[in-house]
Every structure is written in structure tokens, then in C-alpha cells.
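Data first, discussion second: the structure below is written as C-alpha cells.
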Amino acid sequence: MKHFLGIEPLTAVEINALVDHAIELKAERSRGSFSTDLQGETWAMIFTKSSTRTRVSFEVGLSELGARPLFLNANDIQLGRGEPIKDTARVLGRMVHGAIIRTYSQEDVVDFAEYGKIPTINALTDEEHPCQILADLLTIRERLGGWEGKKVVFFGDGDCNMGRSWAWAAKRLGFELVIAAPKAFQPEDAFMARLGEAPVSLTDDIEAAARGADVLYTDTWVSMGREAEAEERLKILAPFQIHAGLVKLANPGAIVQHCLPAYRDKEICGKLFEERADEIFQQAENRLHAQKAILIALARSR
Ligand code: CP
Ligand code: NVA
């Protein structure tokens, strides 16, 4: 694995190895022991969009592995004034050891990897949010013992980066994924055609979707870059909130997950969010452990 650009390019073996290693790294950290695989390196973090979890977990993770994180707000570098991504990549590729990029276009991350010739990580694009999925899989392993035979239901804006990354995860790992969304917010036909044969189904019937679920998952209804559509989205998506009534239909022991940030009483009922805060913030913590596994895998395969 030279880069980590999405769940789509990964194999089941690679995903499993990353989750296994993340579990080991988490246990080591709790004993105060740290791997120093990235000792003396500098990794650039180019962010065009806001972030709390991804930024902090990568900065902490890099530091713990012995590397220096170099945070670059895209607006503060020439990229923000129109310097092409491939030129930015050719400069940074000669100075830093790896790059972590959060931006809009997936193509920009792919171009950076090609021109920079250094390990490149997708820290969220409009297309995918693979780091989040890896942390979620780790949480499912911890809470449910694994995803084999489990039913994951994604409620809300199914046509966003999280919905798409979940679809690739279901295809690669073989668990059942139901995307419960209004027709206008289900993944587009072109995406479903590209996904091909996969245990993924789409519905606008939230109760049918919740029945027998093991994981009830949601994300904001207004992804970064979609703010101008907020009013319309909130109206159309209102019936797709995760609430206690849906949890009652799920399997006993089902978990509620949210990639965060959460908007209470929009995509998730505020009361339910607080009741399930432990499993939701465990998921947030797991970003750190999962991403350390990604960083080490990329450093070792250089
Ligand atoms: N879930 C997630 O990626 O959070 P941030 O936007 O805060 O990084
Ligand atoms: N779909 C959301 C995820 C935020 C972590 C967004 O892209 O804004």
C-alpha cells in the first residue's frame, strides 16, 4: 500500500491488517509504549476544509510516532491563490516524507500522490472519508466483535463521502449495508454501477432499514461545501433522523455511531446522542489509533 486514497482501492486483507494493527497500537499506547517508525520525518497536512478530529488525531499520531506534523491551511499557502496541486506536490515531495490532505476534489488527492511521489493520505474529500471508516471498523470490532454477518444502516445523506466509503467497505468486507435516505439523497446510479455487485441496498423506508440492524450510523445532513443547500436539505432529510424508536427495531446490543460533528435534533435525536455518547466518542478516539496504523503501513511500504 503506497497511498491511502480511499476504501475503494483497498483489499479486504489490507483493511483487516490495518484494523488488527490499530488494535495493537491502542493497547501499546494504554501501556505507555509507542512505536517510533516515523522518527525524524516531517509530514505535511494540507487542509482546505475545517477539522477537529482529523487534524488533532493526525498531529498527535505523527508526534507519537516520532514525526513532525506540518499543518498547512490551504488558504495560507499559494495553493489558495491558484498554484496547481501538482506543482504544490512537486515542491513538498522534495521536502517532506508524506502528505495528509483534506479537500474537495478526489482528483486533487490522486494528483498529489502521483506528482509528489510521497505517501499520501486522503483525510476527507467529497468522494470518500476512508480514515473515518477505518476508525469505525475498529469500533465495530471492539463493540460487536467484528463486522462479519452484521447489518450496518447508514441514515440520512447517503450520497455523501461517508455513504460512499461505507459502500466500498461493505463491498470489500462483505457485510450488509443499507443506505436509508430519501431518493434525492441516495447514491447516484453512476456510483452504484461503479460499485457493481455488492451487499448494499438503498431504501427510503427507515423502519424497514432499522429492523435487525447492528449498527445505526449517521452523519451531518449538510456536508462541508453544501452550506448553500442547508435549508432544503434540512427539510427533505428531517424524517431520516436516528431516534430511540429506530433503535428499538434494531438488534439487541446494536450500537449508534456518528462520525461527528453532530447536529443535535437534526440527523440524531439529542437525547439519544447523549445516551450513546460512550460509543460515539470511542469512535472519535479510534481515529488516532486507526490513523497511526495507516501512517506506519505507508512508511513501511516506501
Ligand atoms: N469526523 C471527522 O472527520 O471530524 P473532523 O471534521 O472534526 O475532522
Ligand atoms: N460528510 C461530512 C463528514 C464530516 C466529517 C462532510 O463532508 O462534511
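Everything quoted here is computed from the prediction, not taken from an experiment.
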Could you tell me whether a side-chain N or O of [X] sits under 3.5 Å from a main-chain N or O of [Y], the two making a donor and an acceptor?
| X | Y | value |
| --- | --- | --- |
| Thr220 | Ser223 | no |
| His97 | Thr42 | yes |
| Asp126 | Ser105 | no |
| Glu64 | Phe34 | no |
| Arg90 | Tyr115 | no |
| Lys292 | Ala22 | no |
| Arg172 | Ile15 | no |
| Arg302 | Leu298 | no |
| Arg141 | Asp20 | no |
| Ser165 | His129 | yes |

Does [X], at its [atom1] atom, have more than 12 non-hydrogen atoms belonging to other residues, nucleotides or ligands within less than 6.0 Å?
| X | atom1 | answer |
| --- | --- | --- |
| Glu227 | CD | yes |
| Lys266 | NZ | no |
| Glu275 | CD | yes |

Open item on the list: Tell me which pairs pass side-chain hydrogen bond (donor to acceptor under 3.5 Å, both in side chains) where either residue lies in residues 235-248, with sequence neighbours left out.
Closed with: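 Matches after skipping sequence neighbours: none remain.
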As an exercise, state the distance from [atom1] of [X] to [atom2] of [Y], rounded to the nearest 0.5 Å.
| X | Y | atom1 | atom2 | result |
| --- | --- | --- | --- | --- |
| Ile100 | Phe47 | CD1 | CZ | 7.0 Å |
| Arg55 | Met45 | CZ | CE | 6.5 Å |
| Lys183 | Asp204 | NZ | CG | 4.0 Å |
| Cys131 | Ile7 | SG | CD1 | 8.0 Å |
| Asp219 | Tyr263 | CG | OH | 9.5 Å |
| Ile121 | His3 | CD1 | NE2 | 10.5 Å |

Could you report the tightest heavy-atom contact between [X] and [Y], atom names first, then the distance?
| X | Y | result |
| --- | --- | --- |
| Phe175 | Ala169 | CE2-O, 3.6 Å |
| Pro119 | Trp43 | CB-CH2, 3.8 Å |
| Ile179 | Pro187 | CD1-CG, 3.7 Å |
| Ala180 | Ile206 | CB-CG2, 4.2 Å |
| Gly253 | Leu144 | O-CD2, 3.6 Å |

Task: Sole residue of Thr139, Asp136, Asp278 in side-chain hydrogen bond (donor to acceptor under 3.5 Å, both in side chains) with Gln283 - done: Asp136
Could you tell me whether [X] and [Y] make a salt bridge, using a distance below 4.0 angstrom between a side-chain N and a carboxylate O?
| X | Y | answer |
| --- | --- | --- |
| Arg211 | Asp205 | no |
| Glu274 | Arg264 | yes |
| Glu285 | Arg29 | no |

Open item on the list: For a side chain to side chain donor-acceptor pair (under 3.5 Å) check, start with the C-alpha distance between Asn286 and Lys26, then their side-chain angles and the critical distance, and finish with the verdict.
Closed with: CA-CA 8 Å; Asn286 281 341; Lys26 186 170 180 175; 2.7 Å; yes
Open item on the list: Can you classify the ring geometry of His258 versus Phe273 as parallel (below 30°), tilted (30 to 60°) or perpendicular (above 60°)?
Closed with: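 If you compare the ring of His258 with that of Phe273, the planes turn out perpendicular.
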